[in-house]
Amino acid sequence: MSESCGNPNVESEAVMPRKAKFDKGKTCVKCKENPGNLVIRHAVYCKDCFGPLISSRFRHALEPHINATPSGPRRVALKPTGDLLVGFSGGLGSTVLLDLVHHSYLLKVVANVSKGGKAHPRNNERVWKNVRACYVEIADAFPGMKDRIEDVRAAVGRYDGVEFVPVRIQDAFDPTWWEKVSGKPAPPLGLDIDLSDEDVRISSSNSDSTPISALHSYLRKLPTPTAVHSTISTLIRILLLYTAHATTSSHLVQGTSLTSLSINLISSISQGGGFVVPQVTQEEWFPRTSPAPTESATARRSVRVIRPLRDIGMKECAAWAWWNQLPIAGKQKVPVSRQTIDDLTKDFIVGLEKDFPSTVSTIAKTVAKLAPKGDAGDRCVMCELPTQRSAQEWKARIAIRSFTAPDPSTTLSPATSLSPLLCYSCHTTLTSRSSRGAIPAQTGMPVAGPPSPLVPLPAWTVAHLAAPADTLEPHGCSPSDSTREGEQHGEVWEAKKLSVDDLRTLVGDFMLDDDS
Amino acid sequence: MTDSQVLNLKVEFGGGLELLFDKKRSHRVALPSPPSSPPDAAKKTPADINFLIHWLKDNLLRERAELFIENGTVRPGILVLVNDTDWELEGEGEYVLQEGDEIVFISTLHGG
């Protein structure tokens, strides 16, 4: 063996020296005086400089997006068009976020009221008139989980001027909740979908199940633990968005740290959410039933979803919470298998951050440069994110989805099938089965009555399906656009399985004779 | 064992880790000296944080060791502070403990 390659048997001691976790000395890189207290991606900061650094990164990520028109680097007066809703899970990130919001926009105003000049009350009006913290309780989805609304209420209660808004996960299936947040009557009849086939057929629901039993039924029929995890996240996201809309909030902020953002991005892409990568970082959401965007900005009432901790890692969040003595109520884990895509991605990214902290930052910054290819069609009726046109056609083209040929006589219309109205990710979540079989029974959700392939739909999906076509589309696309996937340039394309004889006829000219 | 062989430390847990340690955030710990290594038994091995981590696992941890320790050190996602300073500045697990040190373990894995 040549010397350049080295011989591990001989040179067992010749290991590469470990690289220091910090680039320069142990002195703070900011003040260059104090001994450092924390290493943040190879840079050393003292405790005194750490606080202003985190506040500054938080405001830098949030404030350019407060005004309806992004203000850019120039500092202008902050005038949001509505209130602020903080998505609060009780976890580390959202606890730090709520503390920063209170510290930056509520506490300072109170402290400055007796001063003049720049600190004059006229120049220090509250940015948001009302600040609310919304907590979505998922305990009723899984038996054995502790209801923590009162714990979280106490955690939010530490901050004066923040109103607590509790929501329960089963509200997603509650027509009463839908009427409250949308201001419109819920459709008289619910809708069921059949998850046993890929067309996800829709039928009218005859059952008068409670929201909790509808939620249990929905989760129980999902094909994989990953789908359960993903569905809980989607339900929480939509509940937060409609709560923001109902509370006249122009901004919804979430405590997604840089580490969590990298996890979410990788996890979302691996579950088929590549088309909505920009929305994982920031999103401008319009309720599907609101006026079109051609109308005035005030009439539009969009909700801007911002993640102001996107430049702050989990480590910095932990240090902020410890040094400011913030109690962490704790976020409850969804009690499904640890082998979900979300959990595996989290383990990978957190492990990566330990040895290569800058790489985690690179993930978020690289993905932020990605733009989806192709036009957005309608929005998905389930997750309300943009869908890629022709997603289902592409899916049918790249993989064998069934061993039996589709019957052309039973072409499904959007009135009977949910598939054309779903994004690729939601369709995969609902229909993609694990090669290891159905979801394990460890979720322990109660089973009521005989098994049925039908599951109820969330309230907003039922309302969107029942709504007239002209209110379905805030983006100006026809709702049927996404259903005409095969139709281009006046041609109608149809996928059809050919028999062996038909195939032989088609390729016959290119086949060798049997006797040659 | 005499008192001179014991290090008195303050050990704290945060971010949910306290749930694994009897639901107590703060512990006063009398850490014994680590056993000497066989080739040079007369020479005392100083107690470092790696030794403390294993001692905590054997003596204070009540449940689910895999949430605290992994591959002989703390699990990724746990921030360790030595006297209010990131342990990465102090040599991580090889930091030699001193009498009266305050060691803090904070979990960062409690979501967003």
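Model, not experiment: these values are computed from the prediction. Every chain is numbered from 1 and lettered A, B, ... according to where its sequence line falls, protein lines coming before strand lines.
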J.: Are there over 12 heavy-atom neighbours, none belonging to A/Q325, within less than 6.0 Å of that residue's CD?
T.: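 No, CD of A/Q325 has 12 or fewer neighbouring heavy atoms, counting only those of other groups under 6.0 Å.
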
J.: Taking atom NZ of A/K26 as the centre, report whether more than 12 heavy atoms of other residues, nucleotides or ligands fall under 6.0 Å from it.
T.: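 It does: A/K26 NZ has more than 12 such atoms within range.
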
J.: Does A/E353 form a side chain to side chain contact (heavy atoms under 4.5 Å, CB included) with B/T108? I'd like the steps, not just the answer.
T.: CA-CA 12 Å; A/E353 190 169 40; B/T108 66; 5.9 Å; no

J.: As a quick check of understanding, evaluate side chain to side chain contact (heavy atoms under 4.5 Å, CB included) for B/D86 and A/I40, giving each step before the final call.
T.: CA-CA 10 Å; B/D86 192 343; A/I40 302 174; over 6 Å; no

J.: Do the side chains of B/E88 and A/K315 get close enough for a salt bridge, i.e. N-O under 4.0 angstrom?
T.: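 Counted as a salt bridge, because a side-chain N and a carboxylate O are separated by less than 4.0 Å.
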
J.: Between B/E90, B/E70, B/E12, who has the most heavy-atom pairs with chain A when the cutoff is under 4.5 Å?
T.: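 Option with the greatest count: B/E12.
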
J.: Below 4.5 Å from any heavy atom of chain A, which atoms of B/I106 appear? Answer side chain, backbone, both or neither.
T.: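 Looking at B/I106, just its side chain touches chain A.
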
J.: Under 4.5 Å, counting heavy-atom pairs only, tell me which of B/N83, B/D84, B/L81, B/L79 racks up the most with chain A.
T.: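 Heavy-atom pair counts peak at B/D84.
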
J.: B/V104 versus chain A, heavy atoms under 4.5 Å apart: side chain, backbone, both or neither?
T.: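 B/V104 touches chain A through side-chain heavy atoms alone.
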
J.: Side chain from CB out, backbone as N, CA, C, O: work out which of these in A/N264 comes under 4.5 Å of a heavy atom of chain B, or both, or neither.
T.: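 It is neither, since no heavy atom gets under 4.5 Å.
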
J.: Quick one: which of B/G77, B/P76, B/G14 has the most heavy-atom pairs under 4.5 Å with chain A, could you say?
T.: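 If we count pairs closer than 4.5 Å to chain A, B/P76 comes out on top.
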
J.: Find the one option among A/C317, A/A318, A/C46 whose heavy-atom pairs under 4.5 Å with chain B are most numerous.
T.: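 Most pairs with chain B among the choices: A/A318.
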
J.: Rounded to the nearest 0.5 Å, what separates atom CD1 in B/I78 from atom CE in A/M314?
T.: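 Between B/I78 CD1 and A/M314 CE, I get 12.5 Å after rounding to 0.5 Å.
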
J.: Contact part of A/V96 toward chain B, heavy-atom cut-off under 4.5 Å: side chain, backbone, both or neither?
T.: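 The answer is neither part of A/V96.
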
J.: Inspect the surroundings of CG in B/D58 and state if more than 12 heavy atoms from other residues, nucleotides or ligands are less than 6.0 Å away.
T.: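 Enclosed: over 12 neighbouring heavy atoms sit under 6.0 Å from CG of B/D58.
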
